[in-house]
Amino acid sequence: MTASRSSDLPLPRIGRGKVRDIYGVGDDRVLLLTTDRISAFDVVMAETIPMKGVVLTQISAFWFRKIEGSVPHHMISADADEIIGAVPTLKDHRADILGRAMLCRRTTVFPVECVIRGYISGSAWKEYAASGTLAGEKLASGLTESAKLEPAIFSPATKAETGHDENITIAKMRAAVGDEVTDTLERMTRTVYALGEKSSREHGIIIADTKFEFGRDKNGEIILIDEVMTPDSSRFWAVDAYKPGRSQASFDKQPLRDYLDGERRAGRWNGDAPAPPLPAHVVDATGKRYLEAYRRVTGNELKI
């Protein structure tokens, strides 16, 4: 399969993120196409990670199918032939969409990231270690890095167009979207995470934390959208290597982050775009992490 850095489909393009190209399909549907672009430290690399977009799309499709009946969601299909059947104008672009495109219901997106943390790590650990808080609110004392949080903490964040998302309190979320929506989004977040955490653990993966997005469709229903429990939206750890009290190796772009950290420490990169060229071994190692994440999460090898 040819690596995809960008797409050019015969549909109106209505958005372009760091990784996804978004196309409009009439008034009530969108096509999400996940390229093989990869970013780290808010900078998009010049190189692509082959199969990364397929991994992200198909892991999300796996979860959308698994939560069917538990939480409403936006996926119509992630199968290229089904998509072409629904959108005939794509018939000459099967190779472009194969494995990496998802036809979805269109929504009005809520302006918050719904983060849930089953373990304390990353930015949450840094804040807790410094002040004993998360988004300014006190947590229990005595937690160690990567410790399991019981119950998991619902920790919303702002959706930043550029730069990092910012953790906010639930009170701020209520002020932004209202009490009823906040309660619904938290309930749906906890439902999906609990299902995913249990299923992934059976396949040797801990989902330490993850983030979800939600929107309201044309009928007013609140539904789960975007990607679901992928290596880009979640922190995946191996069950058999987990040890609290330290940081954990992740099934994501860690080889890329490690390389870029080394370039910064050596003074060869200032952290801004453009990023330094990636050696082939970094691209290869990162690609293998994504494929391994798919295998572990779904219990199958990726076949397209």
Side-chain angles (χ1 to χ4, degrees), residues 1-40 42-65 72-110 159 161-162 212-219 223-233 253 273-275 283 286-287 290-291 293-294 298 302-304:
M1 179 176 285
T2 304
S4 169
R5 178 163 181 81
S6 61
S7 65
D8 185 18
L9 300 178
L11 294 168
R13 183 153 61 187
I14 59 176
R16 188 176 194 265
K18 291 175 183 173
V19 173
R20 284 176 183 78
D21 295 343
I22 306 170
Y23 294 89
V25 182
D27 295 330
D28 59 352
R29 294 173 296 169
V30 293
L31 186 82
L32 305 183
L33 188 140
T34 310
T35 70
D36 296 323
R37 296 192 295 267
I38 191 166
S39 67
D42 298 314
V43 176
V44 178
M45 306 295 112
E47 296 80 5
T48 56
I49 305 298
M51 296 295 287
K52 174 178 176 283
V54 176
V55 167
L56 296 181
T57 298
Q58 294 306 315
I59 286 180
S60 288
F62 168 83
W63 287 122
F64 282 130
R65 289 190 291 266
H73 60 77
H74 72 165
M75 186 179 80
I76 298 170
S77 179
D79 177 88
D81 293 321
E82 290 180 0
I83 292 172
I84 290 170
V87 191
T89 188
L90 295 174
K91 67 181 184 299
D92 294 330
H93 295 267
R94 186 177 187 276
D96 299 322
I97 68 172
L98 183 64
R100 63 177 70 252
M102 186 180 293
L103 184 64
C104 302
R105 294 153 64 186
R106 191 186 291 225
T107 66
T108 301
V109 182
F110 292 108
K159 285 171 57 65
E161 292 298 323
T162 58
F212 302 119
E213 291 193 49
F214 295 89
R216 196 186 292 277
D217 71 8
K218 66 176 183 178
N219 299 318
I223 62 176
L224 178 64
I225 66 169
D226 198 48
E227 62 183 321
V228 179
M229 292 181 288
T230 72
D232 274 20
S233 65
K253 59 186 83 169
V283 171
T286 304
Y290 277 90
L291 288 169
Y294 178 88
T298 67
L302 179 62
K303 295 178 182 178
I304 296 297

Validation row: [X], [Y] side chains within 4.5 angstrom (heavy atoms):
X: R37; Y: R16; answer: yes
X: S233; Y: V228; answer: no
X: V44; Y: I38; answer: no
X: V283; Y: M45; answer: no
X: I76; Y: M102; answer: no
X: E227; Y: L32; answer: no
X: V109; Y: I225; answer: yes
X: V25; Y: V30; answer: no

Nearest 0.5 Å, please: how far is [atom2] in [Y] from [atom1] in [X]?
X: I84; Y: L90; atom1: CD1; atom2: CG; value: 6.5 Å
X: L33; Y: Y23; atom1: CG; atom2: OH; value: 6.5 Å
X: F214; Y: L224; atom1: CZ; atom2: CG; value: 5.0 Å
X: D28; Y: R105; atom1: CG; atom2: CZ; value: 10.0 Å
X: R20; Y: R100; atom1: CZ; atom2: CZ; value: 11.5 Å
X: I223; Y: F64; atom1: CD1; atom2: CZ; value: 8.5 Å

request  = Compute whether any side-chain donor of one residue and acceptor of the other, for D21 and S7, lie under 3.5 angstrom apart.
outcome  = yes
message = What I want to check is whether the side chains of T34 and T57 have a donor and an acceptor closer together than 3.5 Å.
response =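 Yes.
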Heavy-atom closest pair, residues [X] and [Y]:
X: C104; Y: M75; answer: SG-CA, 4.3 Å
X: E82; Y: S77; answer: OE1-OG, 2.6 Å
X: L98; Y: V54; answer: O-CG2, 4.2 Å
X: W63; Y: M229; answer: NE1-O, 3.2 Å
X: K18; Y: S39; answer: CD-OG, 3.7 Å
X: T35; Y: S6; answer: CG2-CA, 4.2 Å

query = Between R106 and I14, is a side chain to side chain contact (heavy atoms under 4.5 Å, CB included) present by the stated rule, with each step listed?
reply = CA-CA 12 Å; R106 191 186 291 225; I14 59 176; 4.1 Å; yes
ask   = Can R216 and T107 be said to form a side chain to side chain contact (heavy atoms under 4.5 Å, CB included), step by step?
value = CA-CA 5 Å; R216 196 186 292 277; T107 66; 5.6 Å; no
query = Going by an N to O cut-off under 4.0 Å, is there a salt bridge joining K218 and D27?
reply = no
request  = Could you tell me whether R13 and D8 make a salt bridge, using a distance below 4.0 angstrom between a side-chain N and a carboxylate O?
outcome  = no
inquiry  = Could you go through D232 and Y290, starting from their C-alpha distance and side-chain angles, then the distance that decides it, and tell me whether this counts as side chain to side chain contact (heavy atoms under 4.5 Å, CB included)?
reply    = CA-CA 9 Å; D232 274 20; Y290 277 90; 2.5 Å; yes
request  = Before giving the answer on salt bridge (charged side-chain N to carboxylate O under 4.0 Å, His left out), spell out for D36 and K52 the whole-Å C-alpha distance, their side-chain angles and the decisive distance to 0.1 Å.
outcome  = CA-CA 5 Å; D36 296 323; K52 174 178 176 283; over 6 Å; no
message = Applying side chain to side chain contact (heavy atoms under 4.5 Å, CB included) to I22 and L31, what does each step give before you reach the verdict?
response = CA-CA 6 Å; I22 306 170; L31 186 82; over 6 Å; no
